[in-house]
Amino acid sequence: MWSNLPFDVLAKIFSFLSPDSLARARSTCRHWNSCVDTYPITTSFILLSLHHRAWFLALPTRNRGQHCYVYNPVIDNWHLLSLDFLPDPVRPVASIGALILVRPTNCTVLQLALCNPFTRQFRYLPMSNISRTNPAVGVVTLDSVQHGPNPNFRVYVAGGMSEAPRGGAMYELKLEMYDSTDDTWHVVGFVPTEFAVRLTVWTPNESVYSNGVLYWMTSARAYSVMGYEIDGHRWRGFGVPMADKLEFAALLCRNGGLTLVGGASEGEACIWELKEGDRWGLIEKVPMEMGRKLLGGKRSWGSIKCVGSEEAIYLYKELGSGMVVWREMEEKARWAWFWIEGCHSIGGNQVPNLPIKGVFLHPNLFPFTF
């Protein structure tokens, strides 16, 4: 496997090594030595942070074979990764550093698993205490080594439908939490009935954690936000700008704060940040020419998806349609807009234009052990 890895993948891995470890690595073989020479690695803060940008991983939303596509933002290159090691088709729930929290698509009852598409590792998490369907899932990373092979994290599961005591189904009001430190699920609280219904019916699985609060976006129009304060065990809800006009809306975390991206009918896509008092402040708009290019001549933002990290926000549609990116520049003082071409071919082979679901991750070849 190591001798067949592309140079930019190897360079990503080598960038985590100390100078002495890197020297030993480059003396291993000609392939590794050539990689270090081709992609010089530096401990300069600016170039090191650039080299450690998260990669965009695109999973086809329909079962068209066990594979995914990975975009390397450092050298503007796409790769095809086989997922034939997965026992079942999956869809991503969240990224946790170098790992992806996934959910098998062939099971209605919630079952979660971890995988690393680069090391081809896969592991189911234990089943939760309560068997439920269609709950909302939230992820909290606990420590500063979140991009390492074994980050400490917690998974919160709220809402969903469970079996009623006398038969039938009911909205589940218990809040459960999985802790990676003890590999166990715990019941940690309760969800008000109104929030349990909204989490089950109107909320996709994506969550955002910011300043001690887990947030979910409701997908019903008008859009709104639900938040769970972890330490205080309090639930709250509040609105979003242009709530009844947005055709898509997504929550992200940027600079440690909650960020909202949304596009209105026949209008622009905007980016807001949450201020004190649950007030939203407009901070940026998608350039009109890039927005039109992304929409492909259409006026509806309904098919657009969005994924973000602390350093970049990607708006995308299908695999081959291109992406609009707003990302932090190397000097860390400003953000700029870019257009990224879609994935049309890899290694000279044409790639079909597939609907995709994107997540960010930091490639790592260390095996996870929990």
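All figures in this text were calculated on a predicted structure; none of them were measured in a lab.
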Original post:
Of I304, I356, V324, which meets side chain to side chain contact (heavy atoms under 4.5 Å, CB included) against K317?
Top reply: I304

Subject >> Connected hydrophobic set around M217, excluding itself, where side chains approach under 4.5 Å >> reply: V208, V213, Y215, Y223, V225, F238, V240, M242, L246, L251, L258, L260, W272, L274, W280, L282

Original post:
Under 3.5 Å, side chain of T200 to main-chain N/O of P135, donor-acceptor pair present?
Top reply: no

Original post:
Any chance the side chains of D88 and N106 put a donor and an acceptor closer than 3.5 Å?
Top reply: yes

Subject >> Any side-chain heavy-atom pair of R236 and M226 under 4.5 Å >> reply: no

Original post:
Do W55 and F118 come close enough that some side-chain heavy atom pair is under 4.5 Å?
Top reply: yes

Subject >> W78 side chain near L319 side chain, heavy-atom distance below 4.5 Å >> reply: yes

Original post:
Taking a hydrophobic cluster as the set of Ile, Leu, Val, Met, Phe, Trp and Tyr residues connected by side-chain heavy atoms closer than 4.5 Å, whether directly or through intermediates, do V197 and V191 fall within one such cluster?
Top reply: no

Subject >> Value rounded to 0.5 Å, distance of CD1 in I346 from NE2 in H79 >> reply: 8.5 Å

Original post:
Only one of D179, T184, D183 forms a side chain to side chain donor-acceptor pair (under 3.5 Å) with T181, so which one is it?
Top reply: D179

Original post:
Nearest heavy-atom pair of E310 and C253: which atoms, and what distance?
Top reply: OE2-SG, 3.4 Å

Subject >> T259 side chain near I271 side chain, heavy-atom distance below 4.5 Å >> reply: yes

Subject >> Test item: N353 side-chain N/O and G320 main-chain N/O as donor-acceptor pair under 3.5 Å >> reply: yes

Original post:
Going through the checks in order, is the side chain to side chain contact (heavy atoms under 4.5 Å, CB included) test met by V102 and L114?
Top reply: CA-CA 6 Å; V102 297; L114 291 170; over 6 Å; no

Subject >> Euclidean distance, S180 OG relative to L142 CG, rounded to 0.5 Å >> reply: 6.0 Å

**OP:** For the residue pair W185 and Y178, categorise the inter-ring angle as parallel (less than 30°), tilted (30 to 60°) or perpendicular (more than 60°).
**Re:** tilted

**OP:** Starting from the C-alpha separation in whole Å, work towards a yes-or-no answer on side chain to side chain contact (heavy atoms under 4.5 Å, CB included) for R120 and S82.
**Re:** CA-CA 9 Å; R120 298 172 59 82; S82 173; 4.0 Å; yes

Subject >> Reported CD1-to-CZ distance for the pair I100 and F122, which is rounded to 0.5 angstrom >> reply: 11.5 Å

Original post:
Could you go step by step and tell me if H344 and V351 meet the side chain to side chain contact (heavy atoms under 4.5 Å, CB included) rule?
Top reply: CA-CA 5 Å; H344 301 286; V351 173; 5.9 Å; no

**OP:** Examine L81 and L86 and state if one hydrophobic cluster contains both, with Ile, Leu, Val, Met, Phe, Trp and Tyr joined whenever side-chain heavy atoms are less than 4.5 Å apart.
**Re:** yes

Subject >> Shortest non-hydrogen contact between Y124 and P87, atoms and distance >> reply: OH-CG, 3.8 Å

Original post:
Does any non-hydrogen side-chain atom of K305 lie less than 4.5 Å from one of L315?
Top reply: no

Subject >> Validation row: L252, C306 side chains within 4.5 angstrom (heavy atoms) >> reply: yes

Original post:
If you look at every heavy atom in Y69 and P352, which pair is closest and at what distance?
Top reply: OH-CD, 4.3 Å

Original post:
What do the steps show when you test K174 against F190 for side chain to side chain contact (heavy atoms under 4.5 Å, CB included), and what is the final call?
Top reply: CA-CA 5 Å; K174 291 186 178 69; F190 292 88; 3.8 Å; yes

Subject >> Minimum heavy-atom distance between V139 and S207, given as atom pair plus value >> reply: N-OG, 3.3 Å

**OP:** Hey, can you tell me if Y314 and F360 have their rings parallel, tilted or perpendicular (30° and 60° cut-offs)?
**Re:** perpendicular

Original post:
Do E206 and K357 sit within salt-bridge range, that is, some charged N less than 4.0 Å from a carboxylate O?
Top reply: yes

Pairs under 3.5 angstrom only: tabulate donor-acceptor contacts from the side chains of residues 156-169 to other protein residues two or more places apart or in another chain.
unit_1: S162; atom_1: OG; unit_2: E172; atom_2: OE1; d: 2.6

Original post:
Honestly, is R327 close enough over F338, meaning NZ or CZ under 6.0 Å from the six-membered ring centre and within 45° of the axis?
Top reply: yes

Subject >> Hphob cluster co-occupancy, I75 + W339, side-chain heavy atoms under 4.5 angstrom >> reply: no

Original post:
Does R254 come within less than 4.0 Å of E273, counting only side-chain N to carboxylate O?
Top reply: yes

Original post:
Rounded to the nearest 0.5 Å, how far apart are CZ of R123 and CG of L99?
Top reply: 10.5 Å

Could you pull out all donor-acceptor pairs under 3.5 Å where a side-chain atom in residues 283-298 meets a protein atom, sequence neighbours excluded?
unit_1: E284; atom_1: OE2; unit_2: W337; atom_2: NE1; d: 2.9
unit_1: K285; atom_1: NZ; unit_2: E268; atom_2: OE1; d: 3.3

Original post:
Aromatic rings F56 and Y316: how do their planes relate, parallel, tilted or perpendicular, breaks at 30° and 60°?
Top reply: perpendicular

Original post:
So do the side chains of M127 and Q111 get within less than 4.5 Å of each other, counting heavy atoms only?
Top reply: yes

Original post:
Closest approach of P60 and L354, non-hydrogen atoms and distance?
Top reply: CG-CD1, 3.8 Å

Original post:
At their closest point, which heavy atom of P117 faces which heavy atom of F85, and how far apart are they?
Top reply: CA-CZ, 4.1 Å

Subject >> In one Ile/Leu/Val/Met/Phe/Trp/Tyr side-chain cluster, 4.5 Å: I130, F195 >> reply: no

Original post:
Distance from M170 atom CE to T193 atom OG1, nearest 0.5 Å?
Top reply: 10.5 Å

**OP:** Please check if any side-chain donor atom of S224 sits under 3.5 Å from a side-chain acceptor atom of R198, or the reverse.
**Re:** yes

Subject >> E328 side chain vs E311 backbone, donor-acceptor pair below 3.5 Å >> reply: no

**OP:** In plain terms, say whether E176 and R132 are close enough for a salt bridge, that is, a side-chain N and a carboxylate O under 4.0 Å apart.
**Re:** yes

**OP:** Could you grab the distance from atom SG of C115 to atom CG of L83, nearest 0.5 Å is fine?
**Re:** 7.0 Å

**OP:** Answer yes or no: is there a donor N or O on one side and an acceptor on the other, between the side chain of N72 and the main chain of V74, under 3.5 Å?
**Re:** yes

Subject >> Joint cluster assignment, V140 & L199, ILVMFWY side-chain distance < 4.5 Å >> reply: yes

Original post:
Is a side-chain donor-acceptor pair under 3.5 Å present for T218 with T203?
Top reply: no

